[in-house]
Amino acid sequence: MKFFIGNLPIYFPYDKIYPEQYSYMVDLKKAIDAGGHCLLEMPSGTGKTVSLLSLIVAIQANYKEKRKLIYCSRTVPEIEKALAELRNLIEYRTKCGEKDEYLGIGLTSRKNLCINSSVNQEKWGKVVDARCRNLTASWIREKSKLYSPGEVPLCNFYEKMENDNERQRMLIPDGVYTLEELREYGKEQGHCPYYMARRTIPFANAVIYSYHYLLDPKVAELVSKELSKDCIVVFDEAHNIDNVCIESLSIDITKPNLDASAKSIAKLRDVIEDIKKKDSQRLRDEYDKLVEGLMAASQERDEDVYLSNPILPEDLSHEAVPGNIRQAEHFVAFLRRFVEYLKTRMRAQQVVAESPMSFLQNCREVTLIERQPLRFCSQRLTSLVRTLELSDLNDYYALHKVAAFATLVATYEAGFMLILEPFENDTIPNPIFHYACLDASIAIKPIFRRFKTVVITSGTLSPLDMYPKILNFQAAVQESYSMTLTRNCFLPLVVTRGSDQVAISSKFEVRNDPAVVRNFGQILVEFSKIVPDGIVAFFPSYLYMESIVAMWNDMGILNEAWKHKLIFVETPDAAETSLALENYRKACDNGRGAILLSVARGKVSEGIDFDHNYGRAVIMFGVPYQYTESRILKARLEFLRENYRIRESDFLTFDAMRHAAQCVGRVLRGKTDYGLMIFSDKRFARADKRNKLPRWLNQFITDACTNLSTDMALVTAKKFLRTMAQPFERDQLGVWSVEDVERQERSNVGVGGRAAQFN
Amino acid sequence: MQLLLRDKNLSEQHRTLVLKERCVTEDEFWELRQDLLRDHELQMKQKKGRSSVIPNIRPITEEGGETKINITPQLVQEIFDEYPRVKIAYEQNVGDNKPLGHKEFWKRYVQSRFNDRNRTNGSSVVNDDLFEKCWLETEEDINQEKEHRDHGRKRIKISNLRDLSATKEDHMEIELEKDITMRSGHGKILSLIRRSNRHGEKILEASSSKTRISKEKAKQNNQEHQNEDYMPYITIDDLNDEKPENAIRLEIHDQREYFASQKLEQGRDVEMTDSQNSPIDILNEFKTDFVDWKPNLTVSLISDKYARKATKKCNELIKTKQHYAREAIPNLENFPSPIEKEVHLLHLLGNEYLRHFWASWNSKDKTEKNKKMIEKLRGALTRINKIKKMSQDEEALDSSQSSQNTDTRVNELEWSKAITLAEQMLKPLRDAIEIALTRGRSHN
């Protein structure tokens, strides 16, 4: 359908539209026109992505300045799905007679894109990266010219691409390519898909990749620094974005890391000795470059060419690499001293928590290492590795990590914390040095500052005022949409006690109480009797899930459940879980029915849809709180309280509820779908928990369903399932045709262009 | 002929029609019921899949408090499927020239199972080495399977939209230690979880093994040519207009006649409306008629005497009608059984003949049969007519011979009432047969 918002013609690749999709677009357009950031919460499964893309593509096609779309999503399957949606939309526009020249690509790691059969068999992404560099690094390619062909192995795909690239500028014709298609196209042309994608980013109209490619400074520097200022940046499924921000600036150093670093340093020294004898000119060149190099970088930054790198704050780039680490052998010695220092720190027997400042102080006292050279550690190491023309970068991985650690420690004072934990689980010695970022706004700050419009959207962003606080930004538009339903296609039930009236909870004191575990088990067994096809159950953590599954096995509850459905369980291994998931879907398809046990913060809860028969019921066993004993979490809570005035309990509940909402939201896709959402913990009945659920979910929680026992819940659920299985009228769905949209648009103009509210 | 065993009604029909009355042959009987045969065959073909439960030995408590465990060959098969190591142990140890007998093997198996289960309770039963090894090896198998899978081929193609490992490999730069609650646990639990996943996979494989081969081939062909289709995963069906159903248009040569005939059939005396007049004309006519109408509500049109009389009459009519309706349900409680039997039989016969008659109607190779059926129908008609003359005495002879009870004897009046009732019951059948016969006559 085609309709107008204001005077912007929008093509929407469906015949009908949900009212909330329409108002979502109206608000989004308002934010983009105003040039501000926005925060939009839209119910799961109501076609958020397609609305977003339709509007932004329309803006790109009709506005004079061609703004680029940077769309960030959470997981690779979601990236793939978004790309497919975009392609579908562009195809629809072409069919309607719009002649867009549109190039949309996705980017992921070498491991996922590589088509060179000698490399992509490797199991670990890091190894793939290292082997790829061994075949494509500039000095290797230089070297191969000196020798006869075949003697120095190169990647044929990369070579062919380089050759073709010289002849024709554009590597890839217009269109939208999913990752799979990109690989396919690469195979056809004999080009490397990974580099093809990276090279086309500056020309593409839309780029879709994961958050880290924009947020993590180490990656962003490689792929995202040339993005222009007027890009529209979208963070989809962004409810977890603060954690991504924090992760991208945190580093953990373990004992094995340090040992490996020490080995790498020894190796470096040998190489340097070697080169000194053969080719000392190379090291001298590097030295000169370092003296001048940073000057150039600072110029570029002044001209606003690149996205500023949060690892190197502005004041830093005006300085040059300090003299004492310019010489290669001095730098290596410097590194060795630092690693030794870390090793001695790790011998401590008790937990240490200190600020970066006190760490630096201590470091200077013990080793006489100043803050200044530490800051340049990471950069200096990269330069050295390039100069020495080292291959097998995988070997230097640990050393890079230590160098990054050094740089970060020396750069930031506020918002970070150093925590040394000598024991794992308070007994097993396994010392870890956590360099923990506590302030999510640090990593995302350059993004907000640089881009005019940043859209943060998800199915669960409630309470909406939390995100602007923790990410430290101001939203021009901030909206949460309710769901328009004429038939209540989902039923949230809060089960607070078992049939024997024992209250159920995953609270620490009672979580392993046999009565509670049995009641949890009974919920599972009873619902597996009445719910058709698939049931998904979520636990707060792996540890808890494992102990419950073991107890259920002893109690015979698993055997009871097997009578009705097959059981699949998520494991920490991704490949194994994918397989279990595939089997789960098969069981749902062939009518046997299955139960999937998974973890609320695990891989399955992120971005796997359990729509239609793949999930007729979701059961939340317990409230998915974080591990509150974690020292990092404690430090963060303290930081939030002091700096943003957010109470600990508020943040913890907010965090638990967003994960819970995210889990249960996965059952719905479209309004013909239906599903049960069962919250089984007595704490869900409290108002402070429920208030933190998204509005579209909260509006359907009735008082009658907030304090149920298992058997009462079963009766309600049975009735619900029977009603839902009836055929329904199409016009019940609450969808709008073109005429409805036009009427709405006119009335909007009538009240001064104000967006309609659908409450 | 299992079908006859299952369907009581059908076997009754079969008995009376084919065996007792010999009015149709065996083949003729089934010829008309091929659909039932086909359904039955399909039902028989579909096998029940394996139960989802992990094979388990369930003791049955007998009266004397003794428990007993039955191990059926089917259970043995399931155990072998689930635990390949047990099968290996069985093959190694049981048989001629081997240490264990069949019985002893299973005895030890059961003991070992129970020990395994009770071990958590701290019981100090001596473990059976043979099976102890089995369980250990099974666990190893399960844990190793993963390694094999990683190295070699993937057995199931995992959709790109659900490949969780892709995300893990998407950004390797971040490598934070997970907090303790999010780490995987110890070997025992993990292997329990893996066993559960493996079990599910096995059951699914078993149920789909036949169809899988052909499907996989098709899939492979597809994959060679095109990528995975994402469209089903991204489209929201609600938002698309429903496609009109694929219906065949009924072709009617003269539509007017068709609708007129429909009307005629509904209420024989409906007049054909003059379709030349457009509805608007009619409406206008109606409008002009009423435009000057001024109701005068003060004048009574009829005297209340007549009105009262009319309503009284109406009420009475309704009353009697209701009364009649209540009465009209025939009281079948003391309906004489010989007549009932006869009526039942006639219905069965008549319908069967009619069915055969119409089945053979107009088909060239069955004219013979058609003629035969006409004969039979005639016979049935005369039999229906005979029922009028059925006297109680001659029936009484039968009944006294067969059942020797005199309770069935009823007085003359009741009997004749029953006869008329039976005639009424058979009337539709008689009409149907008569129509068939006239058709048959005209056809010949």
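Order of the sequence lines fixes the chain letters, A, B, ..., with proteins taken first and strands second; residue numbering starts at 1 for each chain.
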Distance col, row N553(A):CG vs I193(B):CD1, nearest 0.5 angstrom, shows 10.5 Å

Would you call E180(A) and Y230(B) a side-chain contact if the rule is heavy atoms closer than 4.5 Å? yes

Enclosure of K202(B) NZ (heavy-atom neighbours >12, cutoff 6.0 Å): yes

When the 4.5 angstrom heavy-atom criterion is applied to T49(A) and chain B, the contacting part is neither

Heaviest contributor of heavy-atom pairs below 4.5 Å to chain B, chosen from M545(A), R585(A), E560(A), E606(A), is R585(A)

Give a yes or no on this: more than 12 heavy atoms of other residues, nucleotides or ligands lie within 6.0 Å of atom CD of E91(A). yes

Side chain, backbone, both or neither: which part of Q21(A) has a non-hydrogen atom closer than 4.5 Å to chain B? side chain

Answer with side chain, backbone, both or neither: which region of V599(A) has an atom nearer than 4.5 Å to a non-hydrogen atom of chain B? side chain

Determine, for E201(B) against K586(A), whether the closest basic-nitrogen to carboxylate-oxygen distance falls under 4.0 angstrom. no

Say you draw a straight line from CG of N583(A) to NE2 of H199(B); how long is it, rounded to the nearest 0.5 Å? 12.0 Å

Once rounded to the nearest 0.5 Å, what's the spacing between atom CG of N590(A) and atom CD1 of I203(B)? 11.0 Å

From L579(A) atom CG to N197(B) atom CG, the distance as rounded to the nearest 0.5 Å: 8.0 Å

Under the side-chain contact (heavy atoms from CB on, under 4.5 Å) criterion, do V549(A) and L192(B) qualify, and how do the steps go? CA-CA 9 Å; V549(A) 168; L192(B) 171 73; 3.8 Å; yes

Heavy-atom closest pair (T235(B) atom, R669(A) atom, distance to 0.1 Å) is O-NE, 4.2 Å

Minimum-distance pair of heavy atoms, taken over all atoms of S196(B) and V569(A): OG-CG2, 3.8 Å

Contacting moiety of R601(A), where chain B heavy atoms sit under 4.5 Å: both

Determine the option with the most heavy-atom pairs under 4.5 angstrom with chain B, choosing from G47(A), A587(A), S630(A). A587(A)

Looking only at F12(A), Y14(A), Y544(A), most heavy-atom pairs under 4.5 Å shared with chain B are made by Y14(A)

Identify which part of T108(A) has an atom lying under 4.5 Å from any heavy atom of chain B, answering side chain, backbone, both or neither. both

Using heavy-atom distances under 4.5 Å, tell me whether I432(A) contacts chain B through its side chain, its backbone, both, or neither. side chain

